[in-house]
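For reference, the structure is listed below as structure tokens.
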Amino acid sequence: MKNLLITGGAGFIGSNFIKYILKNYPNYRIVNFDLLTYAGNLNNLKEEEDNPNYIFVQGDIREKENLENLFKEYTFNYIVNFAAESHVDRSINNPAIFAKTNTLGTQILLDAAKTHWQKRKDEQGYPIYRKEVRFIQISTDEVYGELDSEEYFNENSPLKPSSPYSASKASADFFANSYYDTFKLPLNITRCSNNYGPYQFPEKLIPLMITNALQNKKLPVFGDGMQIRDWLHVRDHCKALDLILHEGKLGEVYNIGGNNEITNIELIKTILDKLNKSKELIEHVRDRLNHDRRYAIDNSKIASELGWKPKFSLQTGIDQTINWYLNNKDWWKKIKNGKYQKYYQKMYENR
Ligand code: NAD
Ligand code: TYD
């Protein structure tokens, strides 16, 4: 039996990864450690609740004591850190919580892993760790900043984060790198493009547009809508993380992209067509501050080293995602009609 700590497992990508691991690794026990912020939702994992290989612990990666208690109770082989504040618009309204959770929280978690896994020190003072342990820091392509030409981000592209969100994630990457260089903590950093798929919180572009269209509400397009994103289906992402966790070269960064570049406006029109809804629902609103125009990922490293490539085309992925939101109205209506409604309204008015 191997023990896997997933932080932020009640969020979108974390919950999909937990489902993926439980299905593919029956000899793994998962501890999902999540603070349950507005974005954490235990309904994402209703089907897993009774699985004997799944345990939920509520806690905060920023609290050293929370982590010490957790590490006293379980001996982990792997740690995958999804816990974060993840929405760019929220980071513009309130940068401080992004610095605290994404940067400081990651550093505290890295430190706890170092202490937990260290067996002893070598003669020069470098820690020697237990065998077969690994920390994966989930980062984002947004740390590279924006691209305005035909270029692609590769793992050597300079980090030029432009929003408080991406700045907090880039800072966490620097900390992770420093724990590898200074303390030899066995780790990888992964930088993926925009994810989409089941269980994504309806503040992000694709689920917001699908659910607003289904409710005949306006679809807010920031600025001209000509910004380009590269969409990665969350299941393709999970497969890539599986390969990195088990076969990635320690200390390396891996970019993970969907090979699905599209402008926001084109994507929104595709969603409306598929739902048979009128384009009149589209409403151009004031642009996001300092809105990055284009992100695009060069996948060649993970393709050549680990044999990964995305399986979902955007067409298949969007069809599957729309079907999921059509079949799971209770899931998203509970969010949209609950406390979130007030918060969304406030954030939107503050833009
Ligand atoms: P999410 O917002 O859906 O989930 C984040 C989870 O972290 C929530 O369950 C929340 O309760 C938990 N959390 C927040 N603060 C915490 C804390 N202090 N301690 C413990 N748990 C805490 O985010 P997501 O979309 O699933 O993203 C997961 C990771 O992937 C994040 O690190 C994000 O930066 C990264 N990422 C996401 C995307 C994307 O398109 N969604 C793209 C690139 C990278
Ligand atoms: P988002 O899902 O917030 O992800 P990110 O900002 O991390 O890329 O947004 C994706 C794109 O969609 C981004 O260019 C901003 C745009 N967008 C809108 O035009 N309207 C919206 O209501 C939202 C949430 C995003």
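When a ligand or atom number is given, it counts from 1 through the structure's own listing order.
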Among S86, A10, G9, S139, whose heavy atom sits nearest atom 44 (C) of ligand 1? S139
Can you tell me the protein heavy atom closest to atom 41 (N) of ligand 1 and the distance? I13 CD1, 3.8 Å
Can you confirm whether F201 sits close enough to H87 that some side-chain heavy atom of one is under 4.5 Å from a side-chain heavy atom of the other? no
State whether the shortest distance between N or O atoms of E142 and N or O atoms of ligand 2 falls below 3.5 angstrom. yes
Does the pair K269/E266 count as a salt bridge with the N-to-O cut at 4.0 Å? no
SB check E85 R90 (cutoff 4.0 Å): yes
Hey, which atoms in ligand 2 end up nearer than 4.0 Å to a heavy atom of V221? 19 (O)
Measure centre to centre between the rings of Y78 and H246, then say whether the value is under 6.0 Å. yes
Show the atoms of ligand 2 that are less than 4.0 angstrom away from any heavy atom in E203. 24 (C)
Least distance between heavy atoms, D230 atom then A296 atom: CB-CA, 4.4 Å
Quick check on K311: does its NZ atom have over 12 non-hydrogen neighbours (other residues, nucleotides or ligands) under 6.0 Å away? no
Polar atom proximity, F222 to ligand 2 (N or O, under 3.5 Å): yes
With a 3.5 Å cut-off and no angle check, do the side chains of R29 and Y74 form a donor-acceptor pair? no
Report the nearest protein non-hydrogen atom to atom 21 (N) of ligand 1: residue, atom name, distance rounded to 0.1 Å. L35 N, 3.1 Å
What atoms in ligand 1 come closer than 4.0 Å to a heavy atom of T37? 10 (C), 11 (O), 14 (C), 15 (N)
Could you please spell out the steps behind the salt bridge (Lys or Arg N to Asp or Glu O under 4.0 Å) verdict for E142 and K169? CA-CA 8 Å; E142 300 190 28; K169 295 293 290 184; over 6 Å; no
P220 neighbourhood, listing ligand 2 atoms whose heavy-atom distance to it stays under 4.0 Å: 18 (C), 19 (O), 20 (N), 21 (C), 22 (O)
Backbone or side chain, does any N or O of R229 fall under 3.5 Å from an N or O of ligand 2? yes
Options A84, A39, A83, G105, ranked by nearest heavy atom to atom 5 (C) of ligand 1, top entry: A84
The closest protein heavy-atom partner of atom 42 (C) of ligand 1 is S193 O, 3.5 Å
At a 4.0 Å cut-off, with the gap strictly under it, does some heavy atom of F201 reach an atom of ligand 1? no
Any Lys/Arg nitrogen of D224 or R293 sitting under 4.0 Å from an Asp/Glu carboxylate oxygen of the other? yes
Is the closest side-chain donor-acceptor distance between Y25 and D242 under 3.5 Å? yes
Are any of the N/O atoms on Y295, whether in the backbone or the side chain, positioned under 3.5 angstrom from an N/O atom of ligand 2? no
Mind checking whether W324 and Y199 have ring centres under 6.0 Å apart? yes
Option nearest atom 35 (C) of ligand 1 (shortest heavy-atom distance, choices I138, N81, V80, N16): I138
Looking only at non-hydrogen atoms, which of R288, H291, K204, M209 approaches atom 3 (O) of ligand 2 most closely? R288
Per-atom contacts of ligand 1 with F82, taking only distances under 4.0 Å to non-hydrogen atoms: 28 (C), 29 (C), 31 (C), 32 (O)
D236 and K309 ion-paired at < 4.0 Å: no
Contact atoms of ligand 1, heavy-atom distance to G59 under 4.0 Å: 19 (N), 20 (C)
Going by the order shown, which atoms of ligand 2 are within less than 4.0 Å of some heavy atom of H87? 3 (O)
Is there side-chain contact between R134 and N188, with at least one heavy-atom pair below 4.5 Å? yes
T101: numbered ligand 1 atoms lying under 4.0 Å from its heavy atoms: 15 (N), 18 (N)
From atom 10 (C) of ligand 2, work out which of L205, D141, I265, L267 has a heavy atom at the shortest distance. L205
Answer yes or no for Y165: is there a heavy-atom contact with ligand 1 below 4.0 Å? yes
Ligand 1 contact on L36 by region, counting heavy-atom pairs under 4.0 Å: backbone
Per-atom contacts of ligand 2 with L208, taking only distances under 4.0 Å to non-hydrogen atoms: 22 (O)
Side chain, backbone, both or neither: the part of K169 lying under 4.0 Å from ligand 1 by heavy atom: side chain
of all protein heavy atoms, closest to atom 18 (N) of ligand 1 is D60 OD1, 2.8 Å
